[in-house]
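Step one of this worksheet: look at the structure below.
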Amino acid sequence: MYSEKVMDHFSNPRNVGELEKPSGTGMVGNPACGDIMKLTIQVEEGVVKDVKFKTFGCGAAIATSSMVTELVKGKNLDEAEKISNSTVAEALDGLPPVKMHCSNLAADALHAAIEDYKKKLAEEAAAK
Amino acid sequence: MNRIYFDHNATTPVLDEVFEAMVPFLKEQWGNPSSIHWAGRGTRKAVEDARERVCSLLNCAPLELIFTSSGTEGDNHAIKGLAYAQKNKGNHIITTKVEHPAVLSTCKHLQKEGFEVTYLDVDKDGLIDLEELKKAITPKTILISVMYANNETGVLFPIKEIGQIAKEKSVAFHTDAVQAAGKIKIDVADLNVDLMTISGHKLYGPKGIGALFIKRGTRLVPIIHGGHQERNRRGGTENVAGIVAMGKAAEIAMRDMEKETEHLSVLKARLEKGMAERVPHIKVNGHPERRLPNTSNISFEFVEGESLLLNLDMKGIAASSGSACTSGSLEPSHVLVSMGLSHELSHGSVRFSLGKSNTVEEIDYLLEIMPPIVERMRSMSPLYAGAK
């Protein structure tokens, strides 16, 4: 039911873990629906230099998490914000229809992490 | 790669003996059992012989058993048929929250037609409170439907005690025994059961055949209207090959039951003990003793069931999960949630349902590959860090 790419990212997920001092952290999902994703990003000069994920979820949840980290690495924030859940699903050669809503949250986690980073920046600027 | 099948509650392989018994009725013996001529006479006898064999498995009379197309049809027939037949007497049905969808969806449908349904809670072991059952019965109650064994956890319900309560209150009692039939000894005469559903493909027969026990004197409105087959209780030309196969499967289940129970109990104990020794943070779901000999439902904390199943599948092992991700819905197992498990634990459950062909070596292989799989998935889980 899953594409080869999904199974590849599920079996050999890229960028698993958690950055020690992330510029931003995004956490989305909830236990009720069975998917929780935590994404940490390192931003330098407006570019996502490093990214890591931890995910509780099904094969699709893990594969989309892995894929979004691959897509976003090295991108500037404008480009990163344009990555959507459907970009991620397409990059994986599609997901089963039932998974499109429940387990396709990786881009949401990314956007939450970028938002967290921007919020921190604004707070720092205000403090100065 | 070795292929190992631990999903016998989903379906079972057709036994060689069963296959051989049914083949002639797909080819040489194709007559309609209702025909009076030479082509039909042989198949009529085959159907009635098979009926006797299935009746032996349940200890009922041939007149008390009709063949159906599936367990789902049997549940529909029993519940709707009884509700429609007794609607002038009352409109209240009692069942449990942990029934198979074949029962739950049928009850929900009847609610739309004006019937009232009480869904009994279960405790952490997956069992109902018999006092709650007694309290739920009203003068309008016409049917109690409680499964014999739960498909997800293997929990065995006290069917005889429920039957006694139903009898004292003069309420009809149906039990979905799809998971129990062939696995444990069943005696409808001793159980005070009025209606019992069973299915062929859960006891090493083919798909597309089931049976419904209807106690003498219990009137049901037919669900499938048609010809005079099954004494006007279920229309449609008989699935002769399926019926013959189910008869053979029932005969073998009876013959091998003691041996199989022993075999499965040994394997299940080895699986549960071995898993607890090798993998921390697990929970075996369901009552510790009151369970089918073959079913082991285990929650692996901090990880999600489908991801475990995919890993097992890559190693050749077939099992199933109560995770929402495998059910096509967004909700995790209604059975585990009803037992009070958290959503995480419900999503993190794996059901291993063992069968005839499983061996000690297969259990040991599972016990060898499971710890690194769980460890790897936990290392990826944002829920795990805090629990170390």
Portion of A:Pro96 that has a non-hydrogen atom of chain B nearer than 4.5 angstrom: neither

Under 4.5 Å from any heavy atom of chain B, what part of A:Ser65 do you find: side chain, backbone, both or neither? neither

Distance-only side-chain donor-acceptor flag, A:Glu18 / A:Thr40, under 3.5 Å: no

Please classify the contact of B:Arg376 with chain A as side chain, backbone, both or neither, using a heavy-atom distance under 4.5 Å. side chain

What do the steps show when you test B:His281 against B:Phe300 for ring pair (Phe, Tyr, Trp, His ring centres under 6.0 Å), and what is the final call? CA-CA 6 Å; B:His281 308 297; B:Phe300 295 84; over 10 Å; no

Could you tell me which of A:Thr55, A:Ile62, A:Ile36 has the largest number of non-hydrogen atom pairs under 4.5 Å with chain B? A:Thr55

Do the side-chain N and O atoms of B:Arg351 and B:Ser320 include a donor-acceptor pair separated by under 3.5 angstrom? yes

Ignoring hydrogens and angles, state whether a donor on the side chain of A:His9 or A:Ser66 is under 3.5 Å from an acceptor on the partner side chain. yes

